Amino acid sequence: MEKAKGTNCNFNEQEMSKFCTNFHRTIEFIGKRWMGMIIYQLLSGPKRYYELMDSIPGISDRLLTERLRDLENEGLIIKKALVPTQRKVEYELTPAGKQLENVITSIFDWVKNRDSME
């Protein structure tokens with residue numbers, strides 16, 4: 001089996017199949033509309049729902065709620081009650097979510113560089 005260019009990966013066929021499946025699933029998940037922007041906004045620290053809504057122009061209330069639920073279900077964010085008796089919560093990246101920082105910032109940098117070349 002040939003190594004992937006620029007990596008230290010050396011997979012057998014079964015490992016490569018599993019890796020490709022997981023890679024594709026991850027790219028599809030991050031690529032959902034607004035998902036990357038939500039993660040990007042949370043990289044600077046915990047945010048309340050309205051802070052996320054204000055920082056992402058164009059996202060709908062329904063879609064933000066759906067994406068936050070997706071991120072929570074994947075274990076990438078946690079929803080913490082600020083005041084247990086009220087509905088005040090904030091969203092924060094988990095350690096697994098924080099591991100996406102290099103991925104998200106690399107994509108942002110790539111987009112900026114590409115836009116400046118056009």
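Predicted, not measured: the structure shown is a model, and the values here were computed from it.
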Novice: Any side-chain to backbone donor/acceptor pair from Q41 onto I38? Under 3.5 Å, distance only.
Specialist: no

Novice: Would you say that L76 contacts F29 through its side chain, given a criterion of any heavy-atom pair below 4.5 Å between the two side chains?
Specialist: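 Sidechains of F29 and L76: in contact.
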
Novice: Distance check, rounded to the nearest 0.5 Å: Y40 atom OH versus S55 atom OG?
Specialist: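 Taking OH in Y40 and OG in S55, the distance rounds to 10.5 Å.
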
Novice: Given 3.5 Å as the limit, does a donor-acceptor pair link the side chain of R67 with the main chain of R33, or not?
Specialist: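 Indeed, once roles are kept as given, a pair shorter than 3.5 Å links the two residues.
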
Novice: With the side chain counted from C-beta on, respond yes when E101 and T105 share a heavy-atom pair under 4.5 Å apart, and no when they do not.
Specialist: yes

Novice: Determine whether I30 and L100 make a side-chain contact, defined as any pair of heavy atoms from C-beta on separated by less than 4.5 Å.
Specialist: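 The answer is yes, as the side chains (C-beta and beyond) meet within the 4.5 Å cut-off.
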
Novice: Does any donor atom in the side chain of Y49 or D61 lie under 3.5 Å from an acceptor atom in the other side chain?
Specialist: yes

Novice: Could you tell me the separation between the CG atom of N102 and the CD1 atom of I107, rounded to the nearest 0.5 Å?
Specialist: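 Interatomic distance, N102 CG to I107 CD1, rounded to 0.5 Å: 11.0 Å.
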
Novice: Begin with the C-alpha distance, continue with both residues' side-chain angles, and end with the deciding distance and a verdict on side chain to side chain contact (heavy atoms under 4.5 Å, CB included) for N22 and K18.
Specialist: CA-CA 6 Å; N22 290 337; K18 182 179 179 187; 3.8 Å; yes

Novice: Less than 4.0 angstrom from a charged side-chain N to a carboxylate O is my criterion; do K47 and E90 meet it?
Specialist: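 Looking at E90 together with K47, the answer is no, because their closest N to O distance does not fall below 4.0 Å.
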
Novice: Would you indicate whether the side-chain heavy atoms of L43 and K98 approach each other to under 4.5 Å?
Specialist: no

Novice: Between I39 and V89, is there a shared hydrophobic cluster once you connect ILVMFWY residues whose side-chain heavy atoms come closer than 4.5 Å?
Specialist: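 Yes, I39 and V89 fall within the same hydrophobic cluster.
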
Novice: Is the closest basic N to carboxylate O distance between E66 and K32 below 4.0 Å?
Specialist: no

Novice: Quick one: does any side-chain atom of E28 pair with a main-chain N or O of R25 as donor and acceptor, under 3.5 Å?
Specialist: no

Novice: Any chance you could measure L68, atom CG, to I77, atom CD1, to the nearest 0.5 Å?
Specialist: 4.5 Å

Novice: Find the distance between OG1 (T65) and CG (D70) and round it off to the nearest 0.5 Å.
Specialist: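 Rounded to the nearest 0.5 Å, the OG1-CG separation comes out at 11.0 Å.
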
Novice: When rounded to the nearest 0.5 angstrom, what distance separates OG1 in T26 from CZ in F19?
Specialist: 8.5 Å

Novice: For K112 and D115: C-alpha separation, side-chain torsions, deciding distance, then whether salt bridge (charged side-chain N to carboxylate O under 4.0 Å, His left out) applies.
Specialist: CA-CA 5 Å; K112 282 193 287 189; D115 287 347; over 6 Å; no

Novice: Is L42 close to L52 at the side-chain level, that is, under 4.5 Å between some pair of heavy atoms?
Specialist: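 A side-chain contact under 4.5 Å exists here.
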
Novice: Would you name the heavy atoms of E51 and R48 that are closest together and state the gap between them?
Specialist: OE1-N, 2.6 Å

Novice: Do the non-hydrogen side-chain atoms of Q99 and P95 ever get within less than 4.5 Å of each other?
Specialist: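 Not in contact.
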
Novice: Please tell me whether V103 and I27 are part of a single hydrophobic cluster in this structure, the criterion being side-chain heavy atoms less than 4.5 Å apart.
Specialist: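 Per the 4.5 Å side-chain linkage, V103 and I27 are not co-clustered.
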
Novice: Are any non-hydrogen side-chain atoms of M37 and I59 less than 4.5 angstrom apart?
Specialist: no

Novice: Could you give me the CA-CA distance, side-chain angles and deciding distance for R69 and E74, then say whether salt bridge (charged side-chain N to carboxylate O under 4.0 Å, His left out) is met?
Specialist: CA-CA 9 Å; R69 193 171 297 127; E74 284 294 321; over 6 Å; no

Novice: To the nearest 0.5 Å, what is the distance between OH (Y91) and CD (E72)?
Specialist: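 One finds 7.0 Å between OH of Y91 and CD of E72.
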
